[in-house]
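So you know, we letter chains A, B, ... as the sequences are listed, proteins then strands, and number each from 1.
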Amino acid sequence: MMEWNSLLTQRLEQPLLAWFAEQAEWANAQPRPVWQETRPEFEGEITLVLFGPAKQAGLSPAVLAERLNQFWPTLRMEDGSPLLSQAHAVGGFLNLSLSQAYWRWRWSQGYSLNHQGGDVEFHPETIVLEYSSPNTNKPLHLGHVRNNLLGDSMYRILSSLGHRVIRVQVINDRGIHICKSMLAWQKFGQGQDPRSAGVKGDHWVGHFYVEFERAYQDQIQELVGQGRSREEAENQAPILVEARQMLQLWEQSDPAVVELWKKMNAWVYEGFEVTYQRLGIGFDRNYFESETYLLGKSLVERGLQQGLFRRDESGAVWVDLQDRGLDSKILLRSDGTSVYITQDLGTAEQRQHDWGFDRMIYTVANEQDYHFKVLFAILDKLGFPWAARCYHLSYGMVDLPQGRMKSREGTVVDADDLMDEVQTLAAAKLAESDKLTHLSDDQKSTLALQIGLAALKFYLLKVDPTKRMVYNPVEALDLQGHTGPFVQYAHARLSSVLAKASSENAHKATNPLTPAYENWHATERLLLRQFSQWKPTVEAAAKENNPSHVADFAYGLATAFNRFYHECPVLQEPDPEARDFRLALCRQACTLLKESLGLLGIAAPERM
RNA sequence: GGUCCCGUAGCUCAAUGGAUAGAGCAACUGCCUUCUAAGCAGUAGGUUACUGGUUCGACCCCAGUCGGGAUCACCA
């Protein structure tokens with residue numbers, strides 16, 4: 001992730017292109033320079049790759065490098081000081097070191113995100129961002145957690161760049177699954193509610209979903225034992241028949257069923273809210289399937305009238321997408337009821353109506369890749385111009401070391417348990433430390449949650465979202481190495497230094513990058529280089545819908561700071577110019593660590 | 001079977017078509033009288049699944065093979 005800015009364009013690239021153009025040998029073939037970040041094992045910050053231009057010029061890279069050596073010293077900053085301090089050719093690469101004058105200028109521009117004053121013209125967009133979207137029959141699990149963290153981080157990233165982001169979820173509150181829980185509760189719940197049962201609402205409802213499945217499986221066994229076929233038994237088990245009847249009643253707005261439905265969904269929402277709050281995520285608007293599933297139907301009717309869809313003999317409505325390389329897809333059942341995708345069509349149009357979004361992002365697992373291809377194709381077929389601006393943020397499944405999570409085998413990792421676990425572990429770690437004995441129990445508990453969540457969030461966000469990943473509980477709970485707590489720790493050390501500096505009044509608040517101190521340590525230079533990568537990192541993360549870039553940055557900056565901290569005294573530095581410079585670096589590093597953690601939804605405690 | 005995704009150190013993950021493929025964990029060595037050792041420095045670990053092709057240059061692009069996963073419901 002190399003920073004490129006207007007100064008580098010004007011003072012480095014344009015003169016280089018002009019110089020190329022003056023070279024008669026290859027004036028007919030204007031080479032396009034390829035820039036990259038210099039690898040850390042070489043001297044320099046920016047590297048010009050010479051293979052292409054050398055070939056076009058008919059020269060060896062070494063000869064071209066030799067000629068360019070006449071050119072580099074002519075490059076100047078606006079005030080006439082040199083732009084580059086060194087140029088080393090290594091093989092086909094030219095490694096350029098930027099001058100201290102450049103780094104001083106870069107410092108003066110600031111590093112924090114500031115969408116008003118960027119190099120590129122910025123167009124803020126209204127973006128509807130969907131994530132989470134659970135069913136209401138069971139609690140959230142590890143898969144939801146990855147989903148929620150991705151969505152939340154994308155919200156923070158896009159917002160930080162100045163976009164208006166509306167966080168939404170669609171809640172699948174309707175259908176046979178919730179009826180199963182309702183029925184089981186009626187049969188086995190003995191009138192208990194979450195409070196009287198002492199169970200969190202979503203878990204309470206989830207418990208009855210499991211109870212239903214148990215009773216259902218028992219009945220199937222029984223029927224098979226009586227000589228029915230498996231298929232027959234699965235279809236005719238009395239408890240399933242009853243659940244279907246309940247769904248029918250719900251669709252007819254039967255008052256008793258609707259009341260029960262409302263009551264049990266309310267339990268679930270209460271439970272979800274606790275989980276969301278603890279996880280630190282939220283939403284601006286919920287779309288309930290029960291409220292939007294009918295909207296899709298009218299959209300389908302419209303498509304039928306326009307001849308875009310067709311109705312078969314049984315009365316079912318289909319869309320043919322073979323011209324787009326997809327299959328036919330059913331939109332309405334023969335009994336006229338809507339299917340999953342019908343509801344999504346309606347919800348999409350509703351959201352465009354509600355927000356007039358420029359873009360919409362659906363954070364949904366990659367097992368639904370095909371579903372979203374079809375959805376967007378249908379929206380396009382219906383003639384919505386915004387269909388092309390809908391995007392499926394497709395992420396990979398989270399596996400366990402022993403394979404996929406399976407509810408039947410009881411291996412599903414529950415979101416609440418997960419947070420308990422990480423908090424407990426962090427609390428144990430705090431308890432063995434003697435650094436924080438002065439904190440109250442409440443403060444310790446809060447800190448433990450912050451650290452535990454940092455471990456969990458960083459673990460899930462550092463991976464490229466598109467990739468399937470393995471959740472290894474032992475590694476996820478690690479507080480050392482390539483982890484969230486590692487980054488937090490760097491931030492805490494910095495905070496501590498800065499707190500002491502201000503209490504000692506050590507910082508004189510002069511321009512910390514004056515030429516008075518110019519004997520920069522390699523780790524100081526590295527920090528400046530890291531700072532400049534912050535903005536391009538966030539822009540890349542936004543463009544690619546990939547928060548892992550932000551996690552990479554945070555880790556890289558924390559590492560750079562740790563090295564600096566090890567090599568360079570700050571408060572104990574006798575030279576006041578050097579001390580000011582280092583304190584300024586510390587202040588900036590602290591700010592950017594906090595910002596980068598912030599975009600991952602991770603707290604930056606000042607002590608740990 | 002059709003379509004899509006994936007295969008990198010023992011494990012988990014990085015690497016805009018560029019340099020000697022990098023981190024962390026696990027293993028082994030050093031470093032706390034020194035601004036927070038949740039740290040730093042070092043050792044070891046690789047035929048980037050395999051075979052071909054394109055290219056000055058391929059983990060990356062193309063074709064094929066093998067292996068894993070997802071999806072192709074009048075389920076959601």
Problem set entry | Interatomic distance at C1', B:U48 relative to B:G17, whole Å | 15 Å
Problem set entry | Any side-chain donor near an acceptor of the partner, A:Asp344 and A:His371, under 3.5 Å | yes
Exercise. How far, in whole Å, is B:C50 from B:A58 if one measures between their P atoms?
Worked result: 15 Å
Exercise. So what does A:Val34 touch, heavy atoms closer than 4.0 Å: a base, only the sugar-phosphate, or nothing?
Worked result: base
For this session: Would you mind classifying the nucleic acid contact of A:Phe93 as base, sugar-phosphate or nothing, using non-hydrogen atoms under 4.0 angstrom?
Result: base
Exercise. Which value, rounded to the nearest 0.5 Å, describes the distance between A:Phe212 atom CZ and A:Ile239 atom CD1?
Worked result: 5.0 Å
Problem set entry | Ring-ring centroid check A:Phe561 A:His491, cutoff 6.0 Å | no
Exercise. Counting any heavy atom closer than 4.0 Å, what does A:Cys568 reach on the DNA or RNA strands: base, sugar-phosphate only, or nothing?
Worked result: base
Exercise. Using the ring of each side chain (for Trp, its six-membered ring), is A:Tyr362 parallel, tilted or perpendicular to A:Phe372, with breaks at 30° and 60°?
Worked result: tilted
For this session: Would you mind checking if A:Glu213 and A:Lys180 are paired as a salt bridge, meaning a charged N to carboxylate O distance below 4.0 Å?
Result: yes
Problem set entry | Nearest to side-chain heavy atoms of A:His177, which nucleotide of B:A76, B:G24, B:C74 | B:A76
Exercise. Out of B:C56, B:U71, B:C35, which nucleotide sits closest to the side chain of A:Lys55?
Worked result: B:C56
For this session: Confirm from the modelled atom types if A:Ser496 and B:C35 form a donor-acceptor pair under 3.5 Å, side chain to base only.
Result: no
Problem set entry | Nearest-angstrom distance, P atom, B:A23 to B:A9 | 16 Å
Exercise. Expressed in angstrom and rounded to an integer, what is the separation of A:Gln530 atom CD from B:A23 atom P?
Worked result: 14 Å
Exercise. Which part of the nucleic acid does A:Gln36 contact within heavy-atom distance under 4.0 Å: base, sugar-phosphate only, or nothing?
Worked result: base
Problem set entry | Nearest-Å distance once atom P is located in both B:C13 and B:A76 | 33 Å
For this session: Measure from the side-chain heavy atoms of A:Val49 and tell me the nearest of B:G18, B:C72, B:C74.
Result: B:G18
For this session: Using a 4.0 Å heavy-atom cut-off, write out nucleotides 1-15 of chain B from 5' to 3' as B (base contacted by protein), S (sugar-phosphate only) or - (no contact).
Result: ------S---BSSS-
Exercise. Base, sugar-phosphate, or nothing: which does A:Glu432 touch, judged by heavy atoms less than 4.0 Å apart?
Worked result: nothing
Mind listing the N/O atom pairs, protein and nucleotides 37-39 of chain B, below 3.5 Å?
from  : atom 1 : to       : atom 2 : distance (Å)
B:A37 : OP2    : A:Arg493 : NH2    : 2.4
B:A38 : OP1    : A:Lys435 : NZ     : 2.7
B:A38 : OP1    : A:Tyr489 : OH     : 2.9
B:G39 : OP1    : A:Gly481 : N      : 3.1
B:G39 : O3'    : A:Asn562 : ND2    : 3.1
B:G39 : O2'    : A:Arg493 : NH1    : 3.0

Exercise. What is the distance from NZ of A:Lys500 to C1' of B:U34, rounded to the nearest Å?
Worked result: 11 Å
For this session: Would you state whether a donor and an acceptor, one from the side chain of A:Thr559 and one from the base of B:A23, lie under 3.5 Å apart?
Result: no
For this session: Give A:Thr47 one of three labels, base, sugar-phosphate or nothing, depending on what nucleic acid heavy atoms sit under 4.0 Å from its own.
Result: base
Exercise. Hey, does A:Arg404 reach any base, or is it just sugar-phosphate, or nothing, if we go heavy atoms under 4.0 Å?
Worked result: sugar-phosphate
Problem set entry | Geometric cation-pi criterion A:Arg493 and A:Tyr565, 6.0 Å radius, 45° cone | no
Exercise. Given atom CG of A:Leu331 and atom P of B:A73, what is their separation to the nearest angstrom?
Worked result: 14 Å
Problem set entry | Rounded P spacing from B:U51 to B:A70 in Å | 28 Å
Seminar exercise, completed: With syn defined as a glycosidic angle within 90 degrees of 0 and anti as anything else, the base of B:C6 is anti
Problem set entry | Test salt bridge (Lys or Arg N to Asp or Glu O under 4.0 Å) applied to A:Glu524 and A:Arg582, A:Arg529, A:Arg563, the passing residue | A:Arg582
Exercise. OP1 or OP2 of B:A76 less than 4.0 angstrom from a side-chain nitrogen or oxygen of A:Arg333, does that happen here?
Worked result: yes
Problem set entry | side-chain N/O A:Arg563 vs B:A41 OP1/OP2, d < 4.0 Å | yes
Problem set entry | Comparing A:His371 and A:Tyr555 on RNA chain B - which has the more 5′ nearest nucleotide | A:Tyr555
For this session: Mind calculating the distance between CG (A:Leu50) and P (B:G17) to the nearest angstrom?
Result: 19 Å
Problem set entry | Span that lies between the C1' atom of B:G39 and that of B:C32, in whole angstrom | 10 Å
Exercise. Hey, are A:Arg468 and A:Asp399 close enough for a salt bridge, meaning a charged N less than 4.0 Å from a carboxylate O?
Worked result: yes
Exercise. Side chain to side chain donor-acceptor pair (under 3.5 Å) with A:Glu43: which residues, sequence neighbours excluded?
Worked result: A:Gln86
Exercise. Counting any heavy atom closer than 4.0 Å, what does A:Asn137 reach on the DNA or RNA strands: base, sugar-phosphate only, or nothing?
Worked result: nothing
Exercise. Are A:Phe376 and A:Tyr391 close enough that their ring centres sit under 6.0 Å apart?
Worked result: no
Problem set entry | Donor-acceptor side-chain pairing of A:Thr483 and A:Asp478 below 3.5 angstrom | no
For this session: Please measure how far the P atom in B:G22 lies from the corresponding atom in B:C62, and state the result in whole Å.
Result: 25 Å
